[in-house]
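First up is the structure itself, then whatever we jot down about it.
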Number of protein chains: 2
Amino acid sequence: MVGTYRPASAVGKSLILQGHCDVVPTGPLEMWETPPFSPVVRDGRMYGRGACDMKSGTIGALYALDAIKAAGLRPTARIHFQSVIEEESTGVGALSTLQRGYRADACFIPEPTSGKMVRSQVGVIWFRLKVRGHPVHVFEAGSGSNAITAAFHLIQSLEKLEAQWNKRAKSDRHFKAVRHPINFNPGIIRGGDWASSVPAWCDVDCRIAILPGWSVADCQAEILSHVAAAARDHRFLSNNPPDMEWSGFLSEGYELKDSAEAEAAFGKAYDVVYGGSVHDLVFTALTDTRFYGLNYNIPSLCFGASGAAMHGFNEYVDLDSLRKSTKATALFIAEWCGVEKL
Amino acid sequence: MVGTYRPASAVGKSLILQGHCDVVPTGPLEMWETPPFSPVVRDGRMYGRGACDMKSGTIGALYALDAIKAAGLRPTARIHFQSVIEEESTGVGALSTLQRGYRADACFIPEPTSGKMVRSQVGVIWFRLKVRGHPVHVFEAGSGSNAITAAFHLIQSLEKLEAQWNKRAKSDRHFKAVRHPINFNPGIIRGGDWASSVPAWCDVDCRIAILPGWSVADCQAEILSHVAAAARDHRFLSNNPPDMEWSGFLSEGYELKDSAEAEAAFGKAYDVVYGGSVHDLVFTALTDTRFYGLNYNIPSLCFGASGAAMHGFNEYVDLDSLRKSTKATALFIAEWCGVEKL
């Protein structure tokens with residue numbers, strides 16, 4: 001969904017304000033203290049799925065535009081306000097706005113960054129291991145091959161790949177300071193049909209990070225050969241290697257650059273609200289900024305509120321931090337786009 | 001479903017002929033060479049889910065009754081022909097016939113035993129591990145706890161319990177000769193909702209065997225304390241131990257005894273069809289015989305055809321072996337119940 005503000009006189013620099021409206025699944029509802037889709041405000045925090053990541057940021061950007069209006073001003077450059085889908089699995093929502101032709105001199109994404117500017121962020125590869133077993137009646141289990149325990153064999157091997165990649169990350173100028181930038185996660189598992197049958201199948205959905213500058217294709221090839229080697233080291237999988245599917249994210253990492261003008265404008269806004277200079281965030285998750293910066297050469301800033309438990313239970317955004325990041329957003333828009341009296 | 005034959009003159013010994021009509025799930029259909037529920041006869045074998053375990057045995061027993069009639073004879077004792085549900089998870093089908101009052105001087109269950117008599121069989125305990133995790137965004141995976149890998153920790157621990165129990169089985173007079181009588185099987189696993197969230201939950205359905213004479217309650221207590229000890233040995237589970245559910249079988253093992261008369265009658269029938277004496281089977285699965293023998297003092301024989309891939313793909317029964325076991329069944333009925341001319 002894109003809403004475009006077109007100024008009477010376009011004298012400033014144009015801007016894309018983008019947020020994503022998709023969230024991750026809630027998980028078991030009984031593990032939430034409040035209903036995930038009924039926001040609750042308590043002790044200065046708003047709780048709910050997406051409160052932090054990132055419905056609050058998107059709405060904050062809308063309030064920033066309102067604030068400019070409430071101050072009796074209006075921007076003097078084109079602004080695309082974009083609420084996109086599918087940031088949490090693929091990023092295709094942001095990509096589709098670019099493919100449909102929406103462009104600007106800069107992009108600003110108010111993800112919850114705890115009041116820091118994302119300087120460098122990982123890419124992500126999702127893949128599904130489809131592991132087979134040899135099903136037999138469990139009374140003769142030893143003559144079969146259990147797809148669930150075979151899947152564990154591969155998961156344990158991928159934990160070694162994670163360790164290798166974290167070692168490799170020591171040579172990255174931003175991520176060398178991060179303790180464990182590459183996170184491998186087996187996030188979903190489904191296998192077997194019957195407690196008394198040796199399971200014939202087990203599917204595992206996995207996520208692993210890569211760093212800026214690492215090629216997605218090279219990393220895919222490395223995952224494939226790593227899994228193949230682990231399969232060769234297993235009695236049954238050696239002759240029945242798993243199938244692999246690329247089941248979502250195939251995303252490069254991104255390092256913010258060629259963005260001096262936009263950063264300078266944001267720096268002024270930041271100083272007014274927070275005082276001093278904005279701190280960098282080296283981010284072990286990803287954001288949609290990569291498409292703008294890497295693929296379309298649009299400097300893309302990512303900055304927003306504080307909160308916690310993103311993707312977890314009792315996710316919340318800190319409302320005071322949201323007010324501050326919204327003020328900074330409004331001042332940045334005014335600085336970047338210019339304003340004139342209503 | 002029980003059908004009762006009542007003789008005009010009841011001079012022989014009464015008999016229960018029992019088979020179960022439930023089967024286990026097929027698993028992925030593409031792993032079958034023929035459709036599991038469209039029987040295919042090829043090279044003397046009938047393929048299909050349940051062809052071996054145990055629709056063929058149940059129908060064989062019905063044909064045995066037909067064979068007696070075709071020979072111009074009729075039994076001279078009451079016969080309950082019972083087709084029961086739910087042998088594969090619980091055994092409640094057989095139990096319900098007993099609870100409804102069906103009794104006889106002996107029971108005969110034509111499970112596929114490869115032409116051997118089940119002498120001793122395991123009991124089975126099913127349980128579900130409900131493992132929790134601490135979900136966080138995977139960018140900070142180390143601060144959470146992955147329920148899937150925590151479940152593996154418990155599975156690996158239960159493999160040690162399986163090894164302990166197999167060592168204990170060395171003192172069983174029948175099972176000491178069996179290489180690996182206690183089989184532990186994690187048969188179903190389900191966990192997590194999202195590849196990029198550290199999973200908050202993982203459920204594992206497990207089956208483990210116990211031996212005749214081992215108390216179900218004692219073994220349950222041992223499983224619980226074993227899992228609790230493994231949980232204490234885990235960073236997250238130590239404070240968040242898994243929930244356990246008893247999710248199906250809670251079955252004692254059974255050793256055939258107090259059955260000399262029935263065995264003698266069957267021995268005669270066996271000798272006519274196969275020649276010589278019937279061989280014993282020490283069975284690492286269970287059958288419904290346990291309810292009759294253990295709980296209702298009805299000697300309960302288990303004998304039937306050959307086949308393979310029970311609970312697996314391309315399950316089949318060998319049709320020649322089915323003809324032989326059906327003949328032996330008919331002769332046993334005649335011997336046990338007595339016959340008179342039609």
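Throughout, protein chains are lettered first and strands after them, A, B, ... in sequence-line order, and every chain is numbered starting at 1.
Ranking Asp205(A), Val204(A), Asn183(A) against chain B, the residue ahead of the rest is Asn183(A), based on heavy-atom pairs under 4.5 Å. Listed options Ile188(B), Leu286(B), Thr284(B) were ranked by heavy-atom pairs under 4.5 angstrom with chain A; first place goes to Ile188(B). Per-residue heavy-atom pair counts under 4.5 Å with chain A were compared for Asp203(B), Ile182(B), Val198(B), Val136(B), and the maximum is reached by Val198(B). The residue among Gly27(A), Pro181(A), Gly187(A), Pro135(A) with the most heavy atom pairs within less than 4.5 Å of chain B is Gly187(A). Put simply, of Gly312(A), Pro199(A), Ser197(A), the one with the most heavy-atom pairs under 4.5 Å next to chain B is Ser197(A). Top candidate by heavy-atom pairs under 4.5 Å with chain B, chosen from Phe127(A), Trp201(A), Phe184(A), is Trp201(A).
Between atom SG of residue Cys206(B) and atom CD1 of residue Ile148(A) there is a gap of 8.0 Å, rounded to the nearest 0.5 Å. To the nearest 0.5 Å, atoms OG1 (Thr26(B)) and CH2 (Trp194(A)) are separated by 11.5 Å.
Residue Ile155(A) touches chain B through its side chain alone, counting heavy-atom pairs closer than 4.5 Å. For Arg132(A), the part sitting under 4.5 Å from any heavy atom of chain B is the side chain, from C-beta outward, and nothing else. Heavy atoms of Ala209(B) lying under 4.5 Å from chain A are absent altogether. Residue Ala309(A): no heavy atom, backbone or side chain, is found under 4.5 Å from chain B.
Side chain of Asn185(B) to main chain of Ala195(A): a donor-acceptor pair is present (N/O by atom type, distance under 3.5 Å, no hydrogens or angles). No donor-acceptor pair under 3.5 Å is formed between the side chain of Arg190(B) and the backbone N or O of Ile189(A). Using modelled atom types, one side-chain atom of Asn146(A) and one backbone atom of Pro186(B) make a donor-acceptor pair closer than 3.5 Å.
Residues meeting the ring-ring contact (aromatic ring centres under 6.0 Å, His included) test with His134(B), sequence neighbours left out: none.
When every heavy atom of Pro28(B) is checked against every heavy atom of Asp193(A), the shortest pair comes out as CD-OD2, 4.3 Å. When all heavy atoms of Gly133(B) and Met31(A) are compared, the pair lying nearest together is O-CE, 4.2 Å. For the residue pair Ser196(B) and Arg207(A), the shortest heavy atom distance occurs at OG-CG, 3.4 Å. Nearest heavy atoms, Glu159(B) versus Thr149(A): OE2-CG2, 3.8 Å.
The 12-atom threshold is exceeded at CG of Leu250(B), counting heavy atoms of other residues, nucleotides or ligands nearer than 6.0 Å.
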